[in-house]
Asker: 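The structure follows.
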Amino acid sequence: MPQQRSSQWYAGNNRNAYIHRAWMRRGLPAHAFDGRPHIAIANTASDLTPCNSHLDEVAESVKQGVWEAGGVPMNLPVVSLGETLVRPTAMLWRNMAAMATEEMLRANPIDGVVLLGGCDKTIPSLLMAAASVDLPAVVVPGGPMLTGTFRGAPLGCGTDVWRLSEEVRAGNLSEQDFLTSESSMIRSRGHCNTMGTASTMACMAEALGTTIPGIAGTPAPDSRLLETAHDTGRLAVQMVAQELTPSRLLSRGSFLNAIVALAAVGGSTNAVVHLLAIAGRLGIDLSLGDFDAAGAGVPLLADLQPAGRHLMEDFHRAGGLLAVLAEVRDLLDPAALTVTGRPLADHLDGARIWDETVIRPRGNPLQAEAGIAVLRGNLAPDGAVIKPAAASPELLRHRGRAVVFDSIEDFYRRIDDPGLDVDAGSVLVLRGCGPKGYPGMPEVANLPLPARLLERGVRDMVRICDGRMSGTAYGTVVLHVAPEAAAGGPLGLIRTGDVIELDVPSRRLDVGVDAAELRRREPPAAAVAGYAAPARGWQRLYVDHVLQADRGADLDFLTGASGPQVTRESH
Ligand code: FES
């Protein structure tokens with residue numbers, strides 16, 4: 001058996017080894033410290049992260065697998081982020097969760113780690129941590145919830161909240177009916193059942209090669225999730241023996257495979273910032289432009305909400321991610337590895353589509369070219385993104401007059417003001433919602449439309465924001481504008497009435513104001529006051545060090561490879 005990292009704590013007859021073993025001997029046998037691998041189970045179970053509340057049961061299955069393979073499992077509760085509850089936005093805390101997990105893995109006698117996540121930020125933060133500490137790591141995604149129904153129709157969790165609330169504002173649904181649907185929305189344990197951010201990041205983890213292939217999308221209550229969790233515990237022990245660390249497993253090709261998968265399943269725009277951040281932790285050269293270059297020509301094959309019709313339970317039944325990837329196999333890097341030690345491409349043999357209404361064959365795609373479009377122009381010099389699959393085709397080329405809001409509070413104050421000069425052709429602009437400006441880059445970009453336009457049947461308008469959009473949302477929404485207004489980007493200088501030109505086919509986002517005039521303008525004082533850095537704590541650290549969206553919104557001092565070494569004893 002190779003010398004384990006944990007043996008630095010447990011091996012030997014000196015006082016410190018005695019202390020390390022003795023305090024751990026609460027039922028553990030002596031042979032637990034004979035040099036066998038100790039596997040952490042980084043567990044984001046929390047009652048306040050309802051999408052992950054079942055992960056303790058998953059952890060038990062992982063533990064059994066670890067014991068069976070000759071390892072010693074260690075439950076390690078880590079920072080958990082519930083997307084629906086955490087204020088001001090879970091994204092503000094993603095880097096903190098990643099940093100805390102990284103440091104606790106490094107600080108403890110751990111040889112490998114199984115990562116249990118689900119709700120939006122939990123898999124990204126766990127993968128960022130694992131990439132930084134560079135110990136063998138494997139993900140078990142917690143899985144989506146089962147499909148709930150309301151009055152005979154399936155409910156897409158997240159997506160249908162946006163849709164139903166707009167129908168109330170349009171006067172087509174009573175508030176009482178809306179509230180009645182509340183108890184039907186969440187049918188079971190698990191995360192959101194659309195191809196929102198949680199489902200997307202589970203698919204990204206699998207496409208990167210960091211899960212046992214075939215697990216992404218397995219519904220949380222499905223017994224096969226626990227079976228694969230057990231197998232993952234066994235695998236983690238093998239990975240330690242093989243020294244299969246993230247820096248050996250993950251390559252640029254792994255990330256390009258993830259981008260292909262993102263396009264083919266119509267995944268969330270949030271994957272862009274998360275993949276950039278994970279790659280940044282490994283020192284892998286991945287840029288915003290890669291999302292367009294690798295993803296733009298990929299066909300959209302999964303007919304899933306929010307862009308399509310079906311839900312994750314259907315996706316899993318229809319063959320899941322492996323069935324999708326088998327259709328675009330020629331676009332994948334054949335050498336990119338998985339945690340099994342074999343390339344992802346090897347795991348596609350035998351994968352097939354079982355329901356072509358949910359997963360289309362390559363020859364009959366929903367869209368010939370999907371992916372995330374990266375826009376540039378004088379309004380987004382460092383880039384912005386849009387998900388064309390979730391947009392209205394007729395708005396992908398659009399010229400309109402800007403109606404500018406300096407904050408989300410400003411937006412809600414004025415959007416239904418009868419005096420607001422807005423029509424269906426206007427472009428709604430929301431700024432002050434980037435990483436520094438909010439702070440934390442919240443999911444506010446899918447702005448509700450003015451009620452009086454909703455009543456007239458308008459269901460989409462061009463919207464532009466330096467923040468993010470929920471992965472469960474839809475619409476012609478330009479996101480992640482960089483640099484953000486609070487970082488001095490031109491988005492902070494435009495005014496209501498300026499003409500904005502969006503041209504997705506040409507990948508352009510421009511404002512019809514010349515450079516000299518933009519330079520002359522000052523950002524509005526009220527907006528600037530709103531960007532004042534918090535005085536203390538994590539938020540202060542975050543605002544001082546956060547990178548822009550085109551760099552993954554990680555902290556500048558957390559990028560680049562790190563490693564598992566600790567050089568000093570605790571006593
Ligand atoms: Fe947790 Fe959607 S709120 S995944």
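Indexing begins at 1, ligand by ligand and atom by atom, following the structure's order.
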Asker: Considering only heavy atoms of Asp120, which atoms of ligand 1 have at least one such atom less than 4.0 Å away?
Answerer: 2 (Fe), 4 (S)

Asker: In the structure I gave you, are the side-chain heavy atoms of Ile110 and Leu135 within less than 4.5 Å of one another anywhere?
Answerer: yes

Asker: Any atoms of ligand 1 less than 4.0 Å from a non-hydrogen atom of Ala198? List them with their elements.
Answerer: 4 (S)

Asker: Which of the numbered atoms in ligand 1 are below 4.0 angstrom from a heavy atom of Glu83?
Answerer: 3 (S)

Asker: Is the terminal nitrogen or CZ of Arg540 (NZ for Lys, CZ for Arg) located under 6.0 angstrom from the six-membered ring centre of Trp538 and within 45° of that ring's axis?
Answerer: no

Asker: At less than 4.0 angstrom from any non-hydrogen atom of His191, what atoms of ligand 1 do you find?
Answerer: 4 (S)

Asker: Using a strict 4.0 Å cut-off to heavy atoms of Thr84, name the atoms of ligand 1 that fall inside it.
Answerer: 3 (S)

Asker: Under 4.0 Å from any heavy atom of Cys51, which atoms of ligand 1 are there?
Answerer: 1 (Fe), 3 (S), 4 (S)

Asker: How far apart are the C-alpha atoms of Asp554 and Thr559, what are their side-chain angles, what is the distance that settles it, and do they pass the side chain to side chain donor-acceptor pair (under 3.5 Å) test?
Answerer: CA-CA 7 Å; Asp554 201 359; Thr559 58; over 6 Å; no

Asker: Any N/O/S atom of Cys119 sitting less than 2.8 Å from atom 1 (Fe) of ligand 1, backbone or side chain?
Answerer: yes

Asker: Side chain or backbone of Cys192 under 4.0 Å from ligand 1, or both, or neither, by non-hydrogen atoms?
Answerer: both

Asker: Can you confirm whether Val543 sits close enough to Pro534 that some side-chain heavy atom of one is under 4.5 Å from a side-chain heavy atom of the other?
Answerer: yes

Asker: Is it the case that over 12 heavy atoms from other parts of the model lie below 6.0 angstrom from the CZ atom of Arg551?
Answerer: no

Asker: Are any of the side-chain heavy atoms of Glu484 and Leu491 separated by less than 4.5 Å?
Answerer: no

